[in-house]
Amino acid sequence: MRIGTGWDLHRLVSARTLILGGVVIPSDKGEAAHSDGDVLIHAIIDALLGSLAKGDIGSHFPDTDPAYKDADSIQLLKKVLTEDLPPHRIENIDTTIILQRPKLRPYIEAIRESLANVLGLELHQVSVKAKTAEGILGELGSGDAVIAQASVLIS
Ligand code: MG
């Protein structure tokens with residue numbers, strides 16, 4: 001067994017799509033990023049690479065590389081799953097999203113299903129939790145940033 005943790009932060013700006021775990025969330029702001037900015041997928045990629053002691057998302061997919069401009073983060077995750085993870089397999093994943101608004105409760109099951117689908121897991125192996133920033137912590141509390149954390153156990 002090996003464990004890994006991942007963490008990511010993105011600024012939220014207008015005229016961008018808010019995408020979390022491959023699910024588009026209705027919102028007036030989305031993640032500013034070189035890629036599609038899916039902060040949850042980025043945290044999961046870092047957790048997986050961390051569990052393997054294989055560096056981080058920036059070393060695998062540099063944001064200075066034009067190849068990753070507006071990249072679909074799910075495709076980056078699939079690359080890690082096929083090229084880096086074997087012969088290991090994922091036992092479970094636990095994640096937390098910190099977002100002031102919109103409230104994510106209506107979307108949690110869709111995000112879990114999306115993650116289970118891409119990770120090749122059953123729903124009981126995929127946990128997605130969400131909380132607000134209680135209106136504090138600067139940009140996070142004012143709804144101008146989003147954070148995601150992920151922990152993964154592989155065997
Ligand atoms: Mg990121």
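We count ligands from 1, going down the list as the structure has it; atoms in each ligand are counted the same way.
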Donor-acceptor pair, distance only, cut-off 3.5 Å: does the side chain of His34 make one with the backbone of Lys69?
yes
Got a sec, which pairs hit salt bridge (charged side-chain N to carboxylate O under 4.0 Å, His left out) with one end in residues 85-96, sequence neighbours left out?
Arg89-Glu91, Asp94-Lys129
Within-2.8 Å protein N/O/S contacts of the Mg ion (ligand 1)
Asp8 OD2, His10 NE2, His42 ND1
Using 30° and 60° as the class boundaries, would you call the ring planes of His42 and His10 parallel, tilted or perpendicular?
tilted
Applying side-chain contact (heavy atoms from CB on, under 4.5 Å) to Ala148 and not counting sequence neighbours gives Val39, Leu40, Ala43
Does Thr5 have any side-chain contact (heavy atoms from CB on, under 4.5 Å) partners at least two apart in sequence or in another chain, and if so, which?
Ser151
In plain terms, say whether Arg101 and Asp28 are close enough for a salt bridge, that is, a side-chain N and a carboxylate O under 4.0 Å apart.
no
